[in-house]
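The structure displayed is predicted, hence computed values, not measured ones.
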Amino acid sequence: MKKNHALAYFLEDLWTRGFKLSDEDVRFIYFGKNSANASEWKTIIAVKITLKFQQAFDPSFFISVLEHIAKPHINSKRQAYRSIEERVSSSKLPLN
């Protein structure tokens, strides 16, 4: 799998597993990735976290997560997940 297509493969895998994102949701995910200047792996984590907490795709929650983990000091998946855990536990991330 090419790194520059990881997000597309991830979204396709969600589709094959029965989680059907709308075309609008997919466009918003790419819009968020570009506007936050986030890498693909950070965007994938933001989608996973959004689906886990919201049980559906919530654009505002997704953007909140993505902007939080798109910061340059977060360099690994472990750091991204730890940062989200800390933010949730301190109630800075809305859980709707």
Sequence-distant partners of [X], side-chain hydrogen bond (donor to acceptor under 3.5 Å, both in side chains), two or more places apart:
X: Thr16; answer: none
X: Arg17; answer: Asp13
X: Trp41; answer: Ser39
X: Thr50; answer: none

* Apply the test side chain to side chain contact (heavy atoms under 4.5 Å, CB included) to residues Ile49 and Phe61: give CA-CA distance (whole Å), side-chain angles for both, the deciding distance (0.1 Å), then the verdict. => CA-CA 9 Å; Ile49 295 293; Phe61 190 90; 4.2 Å; yes

What's the separation between atom [atom1] in [X] and atom [atom2] in [Y], rounded to the nearest 0.5 Å?
X: Phe62; Y: Lys33; atom1: CZ; atom2: NZ; result: 10.0 Å
X: Leu66; Y: Thr43; atom1: CG; atom2: OG1; result: 5.0 Å
X: Lys48; Y: Phe10; atom1: NZ; atom2: CZ; result: 5.5 Å
X: Glu86; Y: His68; atom1: CD; atom2: NE2; result: 7.5 Å
X: Ile45; Y: Ile84; atom1: CD1; atom2: CD1; result: 8.5 Å

Please check this pair: side chain of Ser89 against backbone of Glu85, looking for a donor-acceptor N/O pair closer than 3.5 Å.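 Confirmed, Ser89 side chain pairs with Glu85 backbone.
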
request  = Go through the structure and list residues passing ring pair (Phe, Tyr, Trp, His ring centres under 6.0 Å) with Phe19, not counting sequence neighbours.
outcome  =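 Applying ring pair (Phe, Tyr, Trp, His ring centres under 6.0 Å) to Phe19 gives none.
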
Qualifying residues under ring pair (Phe, Tyr, Trp, His ring centres under 6.0 Å), relative to Tyr30, sequence neighbours excluded: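 Checked Tyr30 against ring pair (Phe, Tyr, Trp, His ring centres under 6.0 Å); zero matches.
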
- Are there more than 12 heavy atoms of other residues, nucleotides or ligands under 6.0 Å from atom NZ of Lys20?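 Count over threshold, so yes.
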
Co-membership, hydrophobic cluster, residues Val47 and Trp15, 4.5 Å side-chain:
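No, Val47 and Trp15 fall in different hydrophobic clusters.
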
**Message:** I'd like to check the side-chain contact (heavy atoms from CB on, under 4.5 Å) partners of Gln55; sequence neighbours left out, ordered by chain and number.
**Reply:**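 side-chain contact (heavy atoms from CB on, under 4.5 Å) list for Gln55, sorted by chain: empty.
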
Checklist line | Set of residues satisfying side-chain contact (heavy atoms from CB on, under 4.5 Å) with respect to Glu12, sequence neighbours excluded | finding: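 None.
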
If you compare all heavy atoms of Ile63 against all heavy atoms of Gly32, which two are closest, and at what distance to 0.1 Å?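 Closest heavy-atom pair between Ile63 and Gly32: CD1-CA, 3.7 Å.
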
**Prompt:** According to the interplanar angle, ranging from 0 to 90°, do the rings of Phe28 and Phe57 count as parallel (below 30°), tilted (30 to 60°) or perpendicular (above 60°)?
**Reply:**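 Geometry flag for Phe57 against Phe28: perpendicular rings.
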
| task | Report yes or no: do Asn37 and Ser35 form a side-chain donor-acceptor pair below 3.5 Å? | result |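 Not at all, the side chains of Asn37 and Ser35 share no donor-acceptor pair under 3.5 Å.
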
request  = I would like to know whether Leu11 and Ile44 meet side chain to side chain contact (heavy atoms under 4.5 Å, CB included); could you show each step before the answer?
outcome  = CA-CA 9 Å; Leu11 295 174; Ile44 290 169; over 6 Å; no

For residues 69-82, which side-chain N or O atoms pair as donor and acceptor with protein atoms under 3.5 Å away, sequence neighbours left out?
unit_1, atom_1, unit_2, atom_2, d
Ser76, OG, Gln79, N, 3.1
Gln79, OE1, Asn75, N, 2.5
Gln79, OE1, Ser76, N, 3.2

